[in-house]
Amino acid sequence: MELSFKYQYTYFLYPYIIESEKYEKYLLRLLKDKKVTLRIFEKEKDLDIYNYFSSNIRQNLFPTFELRDNDLKNFRELNTEKKAKILSKHSCVCFEYMLGQTVDGNEQENGVIFNIPKIDIICFNTGICFVSIKTTIDQSNKFSDILNFNYKFKEINSEFASLKQYDNINIQTEMLEDVGQINDIIREITGNQKQSEGIENKFYTLGYTCIPSEYWNDRNEFENFENEFLKYVNTFPSNYITDLNKESEEQNLSIISKLKYSRTGITKSNCNLLCSTVDMYNYTKLPYEYETVIYYTYVLRLYQKIFLTQVNSEFRSYDKIIYIRKKFIEFTKTMWAKEVTNDDTGSLYYKILGSSFELEELFEQIRKKYEIIYKDLDIEKNNRNYSIMVMLLILSLILNTFTIIAYMFI
């Protein structure tokens with residue numbers, strides 16, 4: 001019996017970089033765009049997020065929580081330029097992009113039809129930003145369609161996408177005339193950004209899928225469809241034969257199985273959850289929690305990964321050491337923490353995501369590299385100071401000698 005699903009969504013996150021000197025102008029462009037709306041987080045409306053994250057992370061990841069009452073009213077009355085200037089000082093700013101009205105898509109035979117409920121734009125004041133596209137499968141309940149859709153969509157922005165046939169997997173949407181327009185939307189949001197070091201031209205995924213209870217319950221074990229789970233976590237197509245390379249796949253896979261009927265697989269580019277309707281929590285509260293608090297935990301970890309990778313590459317230039325030091329210290333104060341929440345499950349996600357991205361190792365590598373470079377610069381500085389002192393001493397001796405000689409002939 002082919003595996004089916006009851007509820008499903010996948011977020012595709014695309015990272016890009018805005019140069020620091022252009023960041024305020026970029027925010028201004030977003031604020032002026034009629035398709036873009038600034039996301040203001042409010043305690044009453046976003047109480048789960050407010051209570052979930054630690055105060056330091058909340059203040060820096062969601063600084064608009066601080067805009068309340070008169071402060072919020074005064075902010076909304078400002079002109080667009082002043083808003084952009086204020087927001088550029090915030091550690092993080094979130095926007096929502098509106099696709100517009102539904103259009104008639106070009107129907108293809110055997111195509112997987114999908115919808116785009118929302119698009120987020122998340123910007124950090126270091127210039128690291130994300131376009132986040134939420135997708136859902138329509139007119140199908142086949143698990144194989146999720147696998148094939150995720151497999152193809154993830155590479156849709158790749159420079160090699162047009163060269164791949166994807167085993168004749170077709171995807172289509174009623175939101176756009178052509179699936180290729182997704183690239184146009186990304187370019188419209190990001191601008192013509194050059195490829196930056198530490199940024200891969202690909203999507204990261206965060207997915208949720210809930211399957212009917214008849215597949216996974218007290219009598220039917222997870223092992224019965226474990227191969228499908230491995231495909232789902234690794235964004236492989238439905239015809240991929242996992243048994244052949246199962247061992248190698250699991251070397252780069254961490255699995256969270258805190259709930260009996262829920263598994264989350266985490267790799268270096270995916271964080272996908274599979275659960276069963278046998279537990280009511282799995283299709284009532286879990287999907288909301290997963291696309292709010294876990295979603296932003298994932299965004300935070302992705303940001304940390306890209307930031308640290310960038311800083312690590314910048315150490316090649318000694319003349320930037322003061323600038324790098326300032327960036328690194330600010331990052332450590334605002335966006336780097338051992339714990340981001342008191343929630344046990346959330347802490348587990350944060351820890352495993354950090355381990356999958358090897359963030360602690362990268363952070364320590366940067367810290368040690370900075371200490372070595374700083375000591376070298378300090379030695380060079382002391383040597384220069386010593387040389388200057390010797391030259392001044394010699395100059396002083398020469399002047400004193402001329403003074404004595406001049407005095408003798410008076």
Side-chain angles (χ1 to χ4, degrees), residues 5-13 39 41 45-54 57-58 61-62 94 96 114-120 122 130-137 143 146-147 149-150 153-154 203-213 215-216 222 228-229 231-235 253-303 340-357:
F5 70 90
K6 293 287 287 186
Y7 314 98
Q8 175 272 342
Y9 59 76
T10 303
Y11 281 86
F12 293 88
L13 294 97
R39 172 78 188 274
F41 289 90
K45 186 176 63 177
D46 305 294
L47 187 60
D48 287 348
I49 293 174
Y50 187 90
N51 290 332
Y52 178 86
F53 288 97
S54 64
I57 293 298
R58 185 178 66 240
L61 192 56
F62 313 100
C94 299
E96 294 177 353
F114 72 99
N115 189 19
I116 301 177
K118 70 170 183 171
I119 299 177
D120 295 330
I122 305 170
F130 298 90
V131 175
S132 176
I133 304 172
K134 181 182 179 181
T135 63
T136 56
I137 303 295
F143 189 80
I146 298 176
L147 299 179
F149 170 78
N150 287 355
F153 194 101
K154 189 171 183 181
F203 285 110
Y204 294 84
T205 73
L206 180 126
Y208 162 91
T209 299
C210 193
I211 62 176
S213 59
Y215 297 105
W216 192 2
F222 172 76
E228 299 304 298
F229 173 74
K231 295 177 192 177
Y232 177 56
V233 170
N234 288 281
T235 58
L253 171 64
S254 297
I255 297 177
I256 296 176
S257 55
K258 191 171 182 181
L259 299 176
K260 184 176 181 181
Y261 296 104
S262 175
R263 299 284 188 281
T264 303
I266 296 174
T267 69
K268 289 186 180 296
S269 61
N270 306 305
C271 180
N272 294 336
L273 181 151
L274 185 67
C275 60
S276 168
T277 59
V278 70
D279 185 346
M280 185 182 295
Y281 170 81
N282 288 344
Y283 61 87
T284 54
K285 195 168 183 181
L286 179 58
Y288 171 76
E289 289 180 347
Y290 191 71
E291 69 173 330
T292 51
V293 293
I294 301 301
Y295 169 74
Y296 283 111
T297 300
Y298 188 55
V299 169
L300 177 60
R301 279 310 206 185
L302 283 178
Y303 168 71
V340 299
T341 179
N342 291 324
D343 182 83
D344 291 339
T345 302
S347 295
L348 184 60
Y349 270 96
Y350 186 72
K351 179 180 178 181
I352 292 179
L353 284 166
S355 177
S356 297
F357 295 154

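For this chain, numbers begin at 1 and follow the sequence in order.
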Item to complete: Just jot down the side-chain hydrogen bond (donor to acceptor under 3.5 Å, both in side chains) partners of Y283, sequence neighbours excluded, or say none.
Response: none

Worksheet item: Quick one: CD1 on I119 to CD on E96, what's the gap to the nearest 0.5 Å?
Response: 11.0 Å

Fill in: salt bridge (charged side-chain N to carboxylate O under 4.0 Å, His left out) against D343, all qualifying residues, sequence neighbours excluded
none

Worksheet item: Are any side-chain N or O atoms of T135 and backbone N or O atoms of T10, one a donor and one an acceptor, separated by less than 3.5 Å?
Response: yes

Discussion item. Nearest 0.5 Å, please: how far is CG in L13 from CD1 in I122?
Written reply: 6.5 Å

Fill in: Ring centers of Y232, F143 separated by less than 6.0 Å
yes

Item to complete: Measure the shortest side-chain to side-chain distance between L61 and Y303 over non-hydrogen atoms and say whether it is less than 4.5 angstrom.
Response: no

Worksheet item: So with a 6.0 Å cut-off around CG of N51, is the heavy-atom count from everything else above 12?
Response: yes

Fill in: Salt bridge flag under 4.0 Å for residues R39 and D46
yes

Discussion item. Determine whether a donor-acceptor pair (N or O, by modelled atom type, separation under 3.5 Å) exists between the side chain of Y9 and the backbone of P287.
Written reply: yes

Worksheet item: Is a side-chain donor or acceptor of N150 paired with a backbone partner of T235 at a separation under 3.5 angstrom?
Response: no

Worksheet item: Is there a side-chain contact between C94 and D120 (heavy atoms, below 4.5 Å)?
Response: no

Discussion item. Could you check whether Y295 and S132, counting side-chain N and O atoms only, form a donor-acceptor pair closer than 3.5 Å?
Written reply: yes

Worksheet item: Hey, what's the ring geometry for F12 with F203, parallel, tilted or perpendicular (30° and 60° as the breaks)?
Response: perpendicular

Worksheet item: Would S262 and Y281 count as having a side-chain donor-acceptor pair, cut-off 3.5 Å?
Response: no

Worksheet entry | NZ or CZ of R263 within 45° of F222 ring axis and under 6.0 Å | yes

Practice prompt. Find the distance between CD1 (I256) and OG1 (T345) and round it off to the nearest 0.5 Å.
Written response: 8.5 Å

Worksheet item: Side chains of N270 and T205: donor-acceptor distance under 3.5 Å anywhere?
Response: yes

Discussion item. Do K260 and W216 make a side-chain contact, defined as non-hydrogen atoms from C-beta onward lying under 4.5 Å apart?
Written reply: no

Discussion item. What's the separation between atom OG in S356 and atom CG in L253, rounded to the nearest 0.5 Å?
Written reply: 8.0 Å

Worksheet item: Can you check whether F62 and Y296 have ring centres sitting under 6.0 Å from each other?
Response: yes

Discussion item. Within the supplied structure, the quantity of interest is the number of heavy atoms (other residues, nucleotides, ligands) at a distance under 6.0 Å from K285 NZ; does it exceed 12?
Written reply: no

Worksheet item: Rounded to the nearest 0.5 Å, how far apart are OH of Y7 and OG1 of T209?
Response: 13.0 Å

Worksheet item: Could you walk me through whether K154 and S269 pass the side-chain contact (heavy atoms from CB on, under 4.5 Å) check?
Response: CA-CA 10 Å; K154 189 171 183 181; S269 61; 2.9 Å; yes

Worksheet entry | I266 vs Y349, side-chain contact (heavy atoms from CB on, under 4.5 Å): CA-CA, chis, key distance, verdict | CA-CA 9 Å; I266 296 174; Y349 270 96; 4.3 Å; yes

Worksheet item: Do any N or O atoms from the side chain of T341 and from the backbone of G346 form a donor-acceptor pair under 3.5 angstrom?
Response: no

Item to complete: Over all heavy atoms of both residues, which pair between I255 and F229 is shortest? Give the atoms and the distance, please.
Response: CD1-CE2, 3.9 Å

Worksheet item: Would you call the rings of Y298 and F357 parallel, tilted or perpendicular, where under 30° means parallel and over 60° means perpendicular?
Response: tilted

Worksheet item: How about K134: does its NZ atom have over 12 heavy atoms from other parts shown lying under 6.0 Å from it?
Response: yes

Worksheet, complete the sentence: Rounding to 0.5 Å, atoms CG (L353) and OG1 (T297) come to a distance of 7.5 Å

Worksheet item: If you look only at pairs with a residue in residues 344-356, which of them pass as a salt bridge (charged side-chain N to carboxylate O under 4.0 Å, His left out), with sequence neighbours excluded?
Response: none

Worksheet item: Hey, is the main chain of Y261 close enough, under 3.5 Å, to the side chain of N282 for a donor-acceptor pair?
Response: yes

Worksheet item: Do L286 and C275 have side-chain heavy atoms sitting under 4.5 Å apart?
Response: yes

Discussion item. Are the side chains of I294 and Y52 in contact, using a 4.5 Å heavy-atom criterion?
Written reply: yes

Discussion item. Check the orientation of F149 and F153. Use parallel for under 30°, tilted for 30 to 60°, and perpendicular for over 60°.
Written reply: tilted

Worksheet item: Is there a donor-acceptor contact under 3.5 Å from the side chain of N272 to the main chain of G207?
Response: yes

Worksheet item: Are the side chain of Q8 and the backbone N or O of I137 linked by a donor-acceptor pair below 3.5 Å?
Response: yes

